[in-house]
Amino acid sequence: MDSIEIQGGRPLVGEIAVSGAKNAALPLMAACLLTDEALRLERVPRLADIATLSSLLKGLGVQIGEEAGEKGQRTLLLDAKEITSTQASYDLVRKMRASVLVLGPLLARCGHAEVSLPGGCAIGTRPVDLHLRGLEALGAEIELEEGYIKARAPKGLKGGEYVFPKVSVGATENILMAAALAEGTTRLVGAACEPEIVDLAHCLAAMGAKIEGIGHSELTITGVPRLTGATHRVVSDRIEAGTFLMAAGITGGDLTLCGAEPEHLSTVIELLRQAGMRIEETNAGLRARPANGRLHGADAMTEPFPGFPTDLQAQFMALMTTAEGASMITETIFENRFMHVPELMRMGAHITVHGGSALVRGQKTLKGAPVMATDLRASVSLVLAGLAAEGKTLVNRVYHLDRGYERVEEKLAACGASIRRVAGE
Ligand code: EPZ
């Protein structure tokens with residue numbers, strides 16, 4: 001297995017181009033199943049999770065072509081003219097939970113689908129009950145058999161109302177896609193409003209879907225009998241951008257993130273300013289550096305958008321390990337998302353966890369060490385810590401990073417980081 005070797009202590013200075021968002025690209029790719037015409041997606045990042053979903057879609061009969069886009073970006077052409085299978089197997093779904101996003105589109109287009117239940121996950125139990133209840137509200141008949149979700153809508157889906165008991169990004173996406181082709185009107189109350197959902201809704205609208213309330217927690221979808229192909233550019237990755245904002249902070253550097261969308265990061269920017277960073281909107285995107293020497297502790301609590309994102313919690317914790325004073329970081333979305341804590345402590349961080357909150361007492365310096373993590377964001381938080389630490393850090397299990405950060409070591413090295421990938425056996 002490959003690892004990443006970092007010699008820490010160098011301020012990062014320069015420009016980084018933000019990639020297309022993984023968590024937007026995945027549902028957008030699933031949306032290709034809703035139409036027999038080609039869907040053209042621009043700025044799709046080259047990531048392991050995208051490759052996994054591509055394999056799954058190919059197994060369902062989708063033809064996928066690739067074109068070079070501008071500035072080295074990639075365009076995918078997804079053509080689901082003929083769907084040859086409606087089954088998503090355990091082998092693929094267990095690799096990546098977002099595979100469950102094919103359920104709504106397959107059911108809406110074909111009237112039946114069998115998708116493996118995803119099973120456990122490193123960051124929490126992550127059930128899919130809300131996806132299923134929402135589809136049932138549209139008339140789906142759902143049974144769980146032999147580890148599979150078996151969904152049927154023999155007479156087609158019908159518009160209905162679903163009130164989410166809890167905000168869920170994936171369930172909102174699945175039900176939104178299904179409702180686009182359901183007969184009649186669907187009302188979704190308490191829907192997630194993340195920029196990735198807005199991006200999906202805009203793409204669906206370009207395909208002919210009728211959606212009101214885009215960007216709000218109440219969505220009204222008037223189903224149409226068929227959707228068409230479209231061209232859509234994937235929104236820029238706010239989590240990647242937020243991660244690099246913190247890289248500028250933890251290394252005492254000065255980074256400009258080209259293509260970052262400030263309005264998708266407003267809570268994050270506010271918190272980083274509170275911690276002593278100077279963040280400015282520029283024509284290119286966002287410029288970030290410490291305002292005045294060492295950062296200081298600030299408290300964060302994860303919440304659905306527009307709150308502070310759980311996908312930046314681990315990175316913010318790394319940042320706070322070297323700030324002056326204490327910081328209380330509370331995770332409210334996933335029950336087991338502190339796996340980076342013991343690894344950061346191996347690098348000299350002082351962190352105490354009480355239930356869903358972590359108290360971080362900032363140190364002047366961290367010390368490099370071999371570390372590893374069990375999920376994507378925890379892994380990148382260790383990269384951030386390594387960039388700031390004295391000496392050498394070896395981040396193992398790099399495949400987690402490859403799931404969600406496009407060319408991460410190349411982007412950081414271009415700004416002065418001493419970072420390289422070491423091939424494993
Ligand atoms: C999406 O996951 C993201 N993944 C996650 O990104 C992100 O952490 C998460 O949203 C929260 O923002 C993709 O977009 C592919 P949820 P998702 O449904 O949709 C509970 C990353 O690092 N829940 O909003 O799976 C659930 O257990 C990742 O890129 C139910 O109880 O998240 C959690 O506590 C990891 N029942 C909460 O809701 C359900 O049916 C929010 O989960 C669904 C969810």
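Order of appearance sets the numbers: ligands from 1, and atoms from 1 within every ligand. No hydrogens, no waters, no symmetry mates; every other heavy atom, side chains included, goes into these values. It should be emphasised that the depicted structure is a prediction, and the values quoted were computed from it without experimental measurement.
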Identify the heavy atoms of Ala178 and Leu157 that sit nearest to each other, and give their distance. CB-CD1, 3.8 Å
Counting only heavy atoms, tell me which of Arg126, Lys22, Met96 gets closest to atom 2 (O) of ligand 1. Arg126
Numbered atoms and elements of ligand 1 in range of Thr310, under 4.0 angstrom, heavy atoms: 8 (O), 11 (C), 12 (O)
Tell me which one of Ser168, Gly404, Pro127 gets a heavy atom nearest to atom 39 (C) of ligand 1. Pro127
Which ligand 1 atoms, with their elements, are less than 4.0 angstrom from a heavy-atom of Arg377? 21 (C), 22 (O), 29 (O)
Which residue holds the protein heavy atom closest to atom 40 (O) of ligand 1, what is that atom called, and what is the gap in Å? Leu130 N, 2.7 Å
With rounding to the nearest 0.5 Å, note down the distance linking CE in Met177 to CZ in Arg109. 13.5 Å
Heavy-atom nearest pair, Ile149 first then Leu132, reads CG2-CD2, 3.6 Å
Quick check on contacts: which atoms of ligand 1 are under 4.0 angstrom from a heavy atom of Gly170? 18 (O), 19 (O)
Minimum-distance pair of heavy atoms, taken over all atoms of Val93 and Pro118: CG1-CA, 3.8 Å
Do we see a donor-acceptor contact under 3.5 Å between the side chains of Tyr405 and Thr243? yes
Only heavy atoms of Val128, strictly under 4.0 Å: list the atoms of ligand 1 that pass. 39 (C), 40 (O)
Expected output: side-chain Thr222 to main-chain Thr185 donor-acceptor under 3.5 Å: no
If I apply the N/O under 3.5 Å rule, does Asp129 come out as touching ligand 1? yes
Nearest heavy atom to atom 37 (C) of ligand 1, choosing from Lys166, Glu194, His131, Arg133, belongs to Lys166
Closest heavy-atom pair and its distance - Ser168, Ala192: O-CB, 3.7 Å
Would you please say whether a donor-acceptor pair under 3.5 Å links the side chains of Glu42 and Thr231? no
Tell me the protein heavy atom at minimum distance from atom 6 (O) of ligand 1, and give that distance in Å. Asp311 OD2, 3.0 Å
With heavy atoms only and a cut-off of under 4.0 Å, state how Ile333 meets ligand 1: side chain, backbone, both or neither. both
Tell me, which protein residue and heavy-atom name are nearest atom 24 (O) of ligand 1, and how many Å apart are they? Val169 N, 2.7 Å
For Arg74, run the salt bridge (Lys or Arg N to Asp or Glu O under 4.0 Å) check against Glu406, Glu66, Glu67 and tell me which one passes. Glu66
Answer yes or no: does an N/O atom from Phe334 fall short of 3.5 Å to an N/O atom of ligand 1? no
Any N/O pair Leu376/ligand 1 closer than 3.5 Å: no
Give me the nearest non-hydrogen protein atom to atom 3 (C) of ligand 1 as residue plus atom name, then the distance to 0.1 Å. Asn23 ND2, 3.6 Å
Is Asp311 salt-bridged to Lys22, going by a charged N under 4.0 Å from an acidic O? no
Mind checking whether Leu26 has an N or O less than 3.5 Å away from an N or O of ligand 1? no
Does the N or O separation between Ala98 and ligand 1 drop below 3.5 Å for any pair? no
Where the side chain of Thr251 meets the backbone of Leu12, is there a donor-acceptor pair that is under 3.5 Å apart? yes
Geometric N/O contact Arg337 with ligand 1, under 3.5 angstrom: yes
